[in-house]
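These notes concern the structure reproduced below.
Computed over heavy atoms, backbone and side chain alike; hydrogens, waters and symmetry mates excluded. Everything numeric here is computed off the predicted structure, so don't read it as measured data.
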Amino acid sequence: MVAITLPDGSVRSFDGAVSGAEVAAAIGPRLAKDALAVKLDGSLKDLATPIEADARIEIVTRGHPDALGLLRHDCAHVLAEAVQELYPGTQVTFGPATETGFYYDFARAQPFSTEDLEKIERRMGEIVDRDEAIVREVWDRAAAIRHFDEGGEKYKAEHIETMAQDAVITIYRQGNWLDLCLGPHLPSTGRLGHAFKLLKVSGAYWRGDSRNEQLQRITGTCWESEKQLKAHLRMLEEAAKRDHRRLGRDMGLFHQQEAAAGSVFWHPKGWTLYRTLETYMRARLEAADYVEVKTPQLIDRALWEASGHWEKFREHMFTAEADEHKVLALKPMNCPAHVQIFRQGITSYRDLPLRMAEFGCCHRNEPSGALHGLMRVRAFTQDDAHIFCTEDQISSETVSFCALLQSIYRDLGFDEVTVKFSDRPATRAGSDETWDKAEGALREAVEEAGLDYTLNPGEGAFYGPKLEFVLRDAIGREWQCGTLQVDFVLPERLDASYIGEDGEKHRPVMLHRAILGSFERFLAILIEQFAGRFPLWLAPVQIVVATITSDADDYALKVRDAFTEAGLRCETDLRNEKINYKVREHSLAKVPVIAVVGRREAEDGKVALRRLGGKTQEFLALGEAVTRVQAESTPPTGA
RNA sequence: GCCGCGGUAGCUCAGGGGUAGAGCACACCCUUGGUAAGGGUGGGGCCGGAGGUUCGAUUCCUCCCCGCGGCACCA
């Protein structure tokens with residue numbers, strides 16, 4: 001007798017060993033048809049896996065948290081089968097499920113084209129329609145190696161050779177095709193359905209190592225239903241529409257060009273946006289008791305040697321030769337410079353914590369392939385600060401930092417923030433006691449700040465544990481922006497000290513922290529978050545005064561002056577165009593408020609305000625309009 | 001840096017061994033209008049760069065640069 005406990009607590013008994021498929025069938029024909037896999041005492045298995053002892057099981061169907069991963073992994077297999085049918089001689093390697101779909105890496109001399117992708121996708125559909133049974137087999141190790149070797153599948157053969165001697169070699173057969181795979185899989189290709197789409201072909205290194213040969217990666221997306229697939233494809237379209245590089249050009253914010261690859265030419269409107277964000281950040285930092293500094297761009301190699309950067313990060317640093325004996329480097333980070341300020345004079349424990357902020361422009365020689373609009377540049381400005389404090393202050397400083405960060409993210413329109421907590425790596429500086437203390441303080445602080453966090457074991461910096469703050473944007477994408485890193489090493493290397501209560505010299509701890517990360521990247525995120533439709537306080541042009549006829553020109557200038565004097569960013573549009581045309585143009589330019597003035601407004605001293613995206617107008621006296629727009633355009637203060 | 005795909009007007013793109021194309025944008029003219037495109041006319045190009053093949057190259061070939069999608073990288 002085998003007793004099977006179902007998720008609702010009910011128990012079903014079977015005479016002997018039973019499979020998940022049989023349990024599903026015993027419950028009902030509908031479930032039997034929908035079943036994808038089975039979760040057996042918490043681990044995912046094939047539906048055909050024999051259950052020989054009492055167990056708790058769940059039948060996994062669409063809608064189950066594990067279903068998507070299964071479908072995507074199967075989709076990768078169906079892709080591989082289609083590719084090998086269509087292009088004999090192509091070798092298979094790995095093909096896992098990912099966050100939004102799956103990929104499979106192939107080895108083939110000839111590149112896949114976009115037309116190939118369409119062909120492959122059609123063949124995948126046929127394989128699903130064939131409803132090939134998917135069967136798990138356990139093979140002998142040597143036989144498996146021989147099989148793949150003789151079949152010209154050197155990557156698979158190599159993979160088996162690197163597996164543990166006692167590893168169970170499982171093969172999944174699907175129709176005439178088979179693949180080495182851990183599973184589990186659906187019972188047949190038909191259950192995959194058609195909610196998948198191939199998206200692109202790109203390069204990827206064998207085993208993710210750039211020293212290895214490069215394979216061709218075919219990436220696709222796969223969902224539980226056509227509806228979900230469509231929603232995802234719409235999201236991708238929406239993301240493309242919001243692309244900050246496109247909006248940056250269309251809205252006249254910035255441009256980039258060959259002559260300064262990886263740097264930004266900010267145009268007047270873009271720079272206004274940048275300065276507005278900077279002014280906001282400066283106000284928030286000042287209110288949080290930070291002091292602001294400015295440190296040199298070019299700093300002698302000797303300081304970078306002392307800080308350790310020259311040894312570890314030389315590759316990414318731009319240098320300039322002052323003369324044959326002197327090499328200067330453009331700073332890739334601000335921290336060593338901040339320590340120099342800290343070291344001037346004598347610091348007392350009474351001065352701690354000292355929160356030293358800089359909107360520091362850094363240069364890093366990023367590999368050409370890494371550059372991406374404003375997201376990844378070679379010259380960028382961090383909203384950087386270093387908090388010099390005692391070990392006892394780590395916790396309280398972290399709590400207040402988390403609060404400041406959350407408040408700033410909220411002000412900027414991001415409500416969902418998560419934290420990754422990276423603890424001690426294998427190779428590290430500092431004693432275990434110090435690490436215990438730092439990690440404990442950080443963990444306590446995150447919990448007190450009320451933030452959700454996930455553990456990133458062993459991913460901390462060699463000099464200390466760190467927090468990484470991830471925010472979710474309007475279309476569900478995640479961006480890692482803020483960070484807080486505890487550093488015991490740099491104060492030591494650069495000999496920073498303070499005089500304690502006991503009159504002795506002590507080492508301060510440094511907290512490296514940033515909220516936006518870099519202005520460039522964060523502005524890119526903001527552009528995409530708002531799709532260019534910035535809230536009033538951030539919009540580079542807040543109001544356009546548009547005339548209906550030239551009779552209203554003089555009045556329009558008066559209206560513009562009134563808005564400008566109230567501190568608003570206002571332009572006029574006096575062109576000889578119809579009001580429809582002007583409204584359309586400024587709406588497409590995403591100007592938040594259009595003030596329309598014609599003869600009637602000029603006579604009555606009024607304006608007709610039209611909000612971006614709105615269909616109606618408000619007719620207000622000029623003074624009233626100014627007061628109202630001014631009130632709405634006040635930058636947030638975290639209150 | 002690596003693989004693949006691109007680079008034609010300010011933008012989006014078509015074309016293709018023999019005078020370089022469209023739409024939008026821009027300029028000028030007409031139109032002075034009431035909340036998302038009024039009409040006409042016109043200017044605009046080293047077809048990314050360098051070499052090669054050819055009577056002739058924007059088109060074909062080679063190399064380089066830059067961009068795009070990934071990979072690797074991201075202290």
B:rA37 versus B:rA25 - spacing of their C1' atoms, nearest Å = 13 Å
Distance between the P atoms of B:rG33 and B:rC26, in whole angstroms?
-> 23 Å
Looking across every strand, which nucleic acid part, if any, lies under 4.0 Å from A:Ala608 by heavy atom: base, sugar-phosphate, or nothing?
-> base
Show me the donor-acceptor pairs, under 3.5 Å and distance only, between side chains in residues 366-373 of chain A and residues at least two apart or in other chains.
unit_1: A:Glu366; atom_1: OE1; unit_2: A:Arg376; atom_2: NH2; d: 2.9

Would you classify A:Arg521 as touching base, sugar-phosphate or nothing, given that sugar-phosphate means primed atoms plus P, OP1 and OP2, and contacts are heavy atoms under 4.0 Å?
-> nothing
A:Trp310 six-ring face occupied by A:Arg314 cation (under 6.0 Å, within 45°) | yes
Same-atom distance (P) from B:rC5 to B:rC63, integer angstrom = 13 Å
Note: for A:Gln257 and A:Asp209 on RNA chain B, the residue whose nearest nucleotide lies more 5' is A:Gln257
Could you tell me whether the side chains of A:Thr295 and A:Lys331 share a donor-acceptor contact shorter than 3.5 Å?
-> yes
Toward the 5' end of RNA chain B, which comes first, A:His316 or A:Thr549, by nearest nucleotide?
-> A:Thr549
Donor on one side chain, acceptor on other, A:Arg207 and A:Thr162, under 3.5 Å = yes
Any side-chain donor paired with an acceptor under 3.5 Å for A:Ser550 and A:Asp553?
-> no
If you look at every strand shown and take non-hydrogen atoms under 4.0 Å, does A:Arg249 touch a base, only sugar-phosphate, or nothing?
-> sugar-phosphate
Do any N or O atoms of the protein come closer than 3.5 Å to N or O atoms of nucleotides 38-43 of chain B, and which pairs are they?
none

Applying ring pair (Phe, Tyr, Trp, His ring centres under 6.0 Å) to A:Tyr463 and not counting sequence neighbours gives A:His512
Pairwise C1' distance for B:rA14 and B:rA22, with rounding to whole Å | 7 Å
Scan residues 583-607 of chain A against RNA chain B and write down, sorted by residue number, each residue with any heavy atom closer than 4.0 Å; if none is found, say none.
-> A:Val583, A:Arg584, A:Ser587, A:Leu588, A:Val596, A:Gly598, A:Arg599, A:Arg600, A:Glu601
Think A:Arg211 forms a cation-pi with A:Trp206, using NZ or CZ under 6.0 Å from the six-ring centre and within 45 degrees of its axis?
-> no
So A:Trp223 and A:His232, would you call those rings parallel, tilted or perpendicular, with 30° and 60° as cut-offs?
-> tilted
B:rG34 phosphate, OP1 or OP2, under 4.0 Å from A:Arg610 side-chain N/O | no
Only one of A:Arg533, A:Arg242, A:Arg477 passes salt bridge (Lys or Arg N to Asp or Glu O under 4.0 Å) with A:Glu528, and that residue is A:Arg477
Per the atom types in the model, does the base of B:rG70 pair as donor or acceptor with the side chain of A:Tyr205 at under 3.5 Å?
-> no
Quick one: stems involving RNA chain B, counted as three or more successive Watson-Crick or G-U pairs, both distances short of 3.5 Å.
-> B:1-7 with B:65-71, B:10-13 with B:21-24, B:26-30 with B:38-42, B:48-52 with B:60-64
What class does the angle between the rings of A:Tyr274 and A:Trp271 fall in, given that below 30° is parallel, 30 to 60° is tilted and above 60° is perpendicular?
-> parallel
With a distance cut-off below 6.0 Å to the six-membered ring centre and an angular limit of 45° from the axis, does A:Arg217 pair with A:Tyr103 as a cation-pi contact?
-> yes
So, with a heavy-atom separation below 4.0 Å from RNA chain B, the residues of residues 97-110 of chain A are none
Check: B:rC73 base within 3.5 Å donor-acceptor of A:Arg376 side chain | yes
